[in-house]
Amino acid sequence: MKRPVLGILVNINSVLDSYQLTIWKGVRDAAREAGVRLVSFSGGVLDSPYGFESQNNIIYELVGPENVDAVISLTASICNYTGENGIERICTRAGERPLVHLGAMARMGSSILTDNTLGIQEAIDHLVLVHGRRRIVHIRGTEENTEANERMEAYRTALERHGIPFDPSLVIPGDFRRDRGREAIATLLDIRKVEFDAILSANDAMALGALDALNARGINVPRQVSLVGFDDLEESGHSSPPLTTLRQPLFHQGRRAVEIALALARGDTAPGREILPSQLVVRQSCGCRESAVMRGGLDTPLTLVQAQAELEEHLVSTGKLSETKARSIATQLMNLRDLETDAFLDQLDAWFRDTLPSDISPENWCHCLLILRRSLAPQEQARQEVRYHQALIAACTCNDRKQSATRRTLNNQTHEQRTTGQRLLSTLDLQELVRLVNSEFRS
C-alpha cells in the first residue's frame with residue numbers, strides 16, 4: 001500500500017530559525033508517528049525585497065497533485081510581503097489537494113492561528129499594572145501580514161483599556177527581522193527623539209535586535225526600558241537579560257497541521273479555522289524575576305497524582321513535546337523519586353543526556369525537579385534536600401556540556417567547510433574536482 005506523501009512549504013531563508021524549525025519539528029514528529037512521507041519544499045518569501053531571495057520561490061512550482069497528497073504551508077512567513085495575493089498563489093499551487101495554512105486565513109483549506117488579541121492584551125496589562133509603564137513602543141510587522149495587523153490592533157485596544165492615548169510616534173514599522181529591531185531603536189532615539197519606557201515587539205527576533213541596540217547604547221533593560229517579544233524562540237531564554245515573551249505553541253501547531261491535513265486527505269471533516277492560545281512567559285527583560293526563580297520558593301506538598309499531572313503539563317507547555325512524549329518523560333521522572341541518592345543521580349544524568357530533546361532548557365529541567373521534590377512528604381523533603389540540590393546542579397552542568405559540545409561541533413563544521421571551499425576554489429583539474437566533490441559531500 002502506498003504511503004501518503006505530505007508536502008510542507010517553508011521559507012529557506014529562515015528555515016533554521018527557531019520559529020520555523022520548531023514548527024517543522026512538530027510536523028516531522030507527527031508525520032513519523034502517522035507513517036507518512038514528508039517532503040519539504042524550501043523556497044523563499046514571495047516578492048521579497050531582499051536581494052535574490054524571491055528567486056528561491058521556483059521550487060514552489062514543483063508542488064502538485066502528482067507528488068503530494070496534502071500540503072502544509074507556513075503561509076504567515078512565506079506571504080509576509082504579499083498578503084492576500086500571495087495566499088491566493090499558494091492556494092493555486094496546491095490545486096485540489098488538501099491544504100493547511102499556518103498563521104494566515106485563506107479561502108481554501110484549513111488555517112491554524114494564534115490568539116494574538118488576548119496575548120497582546122495580557123502583555124500590555126502586565127507592563128502597565130505590574131511595572132507601571134505608560135510610554136509603550138510597538139515594533140510591528142509588515143502591513144501585508146494578517147498576524148502583524150491583529151497584534152497592532154490589539155496593542156491599540158489594550159492601551160485604550162488602560163486610558164493610555166494611542167501615540168503614532170511610538171509605532172515603528174518592521175518586518176519580523178532582527179535588524180529591524182536594531183533600526184527601531186535608532187529611529188526612536190536619533191530621528192523621532194521620543195521618550196519611552198517599554199517596548200512590545202511583534203516577534204522575538206525584532207525584540208532581540210532592539211535589545212542588542214539598547215545594550216550597545218548603555219540603556220538598561222529592564223530598569224530603564226521593559227521589553228516584551230512574541231513567539232518564545234529558543235534563543236529568547238538565553239539573551240541577556242532573558243526575554244519576557246508571548247509563547248506561541250509552535251510545536252503543537254506543526255502536529256495539528258499534520259492531523260488536519262491527513263484528515264482532509266482521507267475525506268474527513270476538519271475545522272476551517274483553529275485558534276490556539278498564546279501564553280505570557282515572564283523572564284527578566286520586563287522587570288520581573290524569572291518564573292523559575294519564583295517557583296523555587298514553592299513548598300506546597302503534592303500528591304503523586306498531582307505531581308505527575310504538573311510534570312506533564314509543564315513539559316507540554318514548553319512547546320517542544322507531544323502529550324504522549326511528555327507523559328512518558330513524566331512517568332520516568334516519577335519512577336526515579338524513590339531511588340537511593342547515587343542511583344538517583346546516575347539515572348538523572350542519563351535522563352538529561354539521552355531522554356530530553358536538546359532544546360528543553362535547564363529552566364525546564366529544574367522546574368521538573370522542583371515538582372518532583374514537592375511530591376515527597378515534608379519529612380522526606382528535609383532528608384532528601386542535599387540530593388535535590390545535587391540534582392539541580394547536575395541539570396545545569398549537563399546543559400553546559402551539551403552547549404560546549406554543540407559549539408565544538410559547529411566550529412569543526414565551519415572549519416571543514418572553509419577548508420573544503422578553499423580546496424574546491426584552488427582545484428583546476430576536472431577529475432580532481434569530481435573526486436573532491438564525491439569525497440567531501442558524501443552522505
Side-chain angles (χ1 to χ4, degrees), residues 22 26 29 33 232 234 237-238 242 244-245 247 249 251-252 255 277-284 288-403:
T22 304
D29 288 1
E33 292 172 13
D232 193 24
E234 182 181 351
H238 302 289
T244 295
T245 186
R247 175 182 292 156
F251 183 84
H252 185 60
R255 294 187 61 86
S278 56
Q279 173 193 358
L280 183 65
V281 179
V282 175
R283 299 193 179 102
Q284 293 179 6
C288 289
R289 296 187 186 276
E290 288 195 72
S291 55
V293 175
M294 302 305 295
R295 287 193 299 262
L298 296 176
D299 57 2
T300 308
L302 298 173
T303 66
L304 296 183
V305 173
Q306 289 172 330
Q308 172 87 20
E310 281 206 22
L311 285 170
E312 292 179 19
E313 181 181 356
H314 174 69
L315 289 167
V316 169
S317 75
T318 65
K320 307 297 194 307
L321 297 169
S322 66
E323 293 182 3
T324 301
K325 184 68 172 177
R327 188 176 303 114
S328 173
I329 292 177
T331 301
Q332 292 177 51
L333 260 180
M334 293 298 293
N335 290 337
L336 299 182
R337 61 191 296 279
D338 293 324
L339 295 178
E340 292 299 323
T341 298
D342 286 346
F344 174 78
L345 294 174
D346 288 344
Q347 288 290 324
L348 199 63
D349 186 62
W351 183 70
F352 289 146
R353 285 187 286 105
D354 304 327
T355 304
L356 278 172
S358 59
D359 48 5
I360 298 294
S361 71
E363 175 187 339
N364 301 131
W365 303 353
C366 292
H367 183 44
C368 289
L369 290 171
L370 293 171
I371 294 173
L372 201 63
R373 175 181 172 276
R374 290 168 59 204
S375 70
L376 300 172
Q379 62 273 21
E380 279 293 297
Q381 284 188 22
R383 191 172 68 85
Q384 301 286 3
E385 196 68 27
V386 171
R387 87 167 184 171
Y388 272 90
H389 279 300
Q390 291 175 314
L392 292 169
I393 294 171
C396 295
T397 301
C398 182
N399 178 71
D400 288 341
R401 290 198 300 267
K402 281 188 173 184
Q403 294 294 328

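Index from 1, following the sequence.
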Nearest-0.5 Å distance, CG of residue Leu369 to CD1 of residue Ile393: 11.5 Å

All pairs passing ring pair (Phe, Tyr, Trp, His ring centres under 6.0 Å) where residues 374-397 contributes a residue, at least two apart: Phe344-Tyr388

From CA spacing to verdict: side chain to side chain donor-acceptor pair (under 3.5 Å), Gln284, Thr244: CA-CA 6 Å; Gln284 293 179 6; Thr244 295; over 6 Å; no

Salt-bridge contact Asp232-Arg283 (side-chain N to carboxylate O under 4.0 Å): yes

Contacts of type side-chain contact (heavy atoms from CB on, under 4.5 Å), residue Glu310, not counting sequence neighbours: Leu302, Ile371, Arg374

Ala330 versus Leu315, closest heavy-atom pair with distance: N-CD1, 4.1 Å

Residues that Thr341 engages under side-chain hydrogen bond (donor to acceptor under 3.5 Å, both in side chains), provided they are two or more places apart: none

Euclidean distance, Leu370 CG relative to Leu392 CG, rounded to 0.5 Å: 5.5 Å

Gap between atom CD of Gln279 and atom OG1 of Thr245 - 0.5 Å precision: 10.5 Å

Where Arg255 and Gly26 come nearest, the two heavy atoms and their spacing: CG-O, 3.4 Å

Closest heavy-atom pair and its distance - Gln308, Arg327: NE2-O, 3.8 Å

Where Val282 and Cys288 come nearest, the two heavy atoms and their spacing: CG1-CB, 3.3 Å

Glu323, CD: over 12 other non-hydrogen atoms inside 6.0 angstrom: no

Shortest non-hydrogen contact from Leu345 toward Gln390: CD1-OE1, 3.5 Å

Worked verdict on Arg247 versus Ser278 for side-chain contact (heavy atoms from CB on, under 4.5 Å): CA-CA 5 Å; Arg247 175 182 292 156; Ser278 56; over 6 Å; no

Residue pair Ser375, Arg337: steps toward the side chain to side chain donor-acceptor pair (under 3.5 Å) verdict: CA-CA 9 Å; Ser375 70; Arg337 61 191 296 279; 3.1 Å; yes

Minimum heavy-atom distance His314-Cys368, with the two atoms named: CD2-SG, 3.9 Å

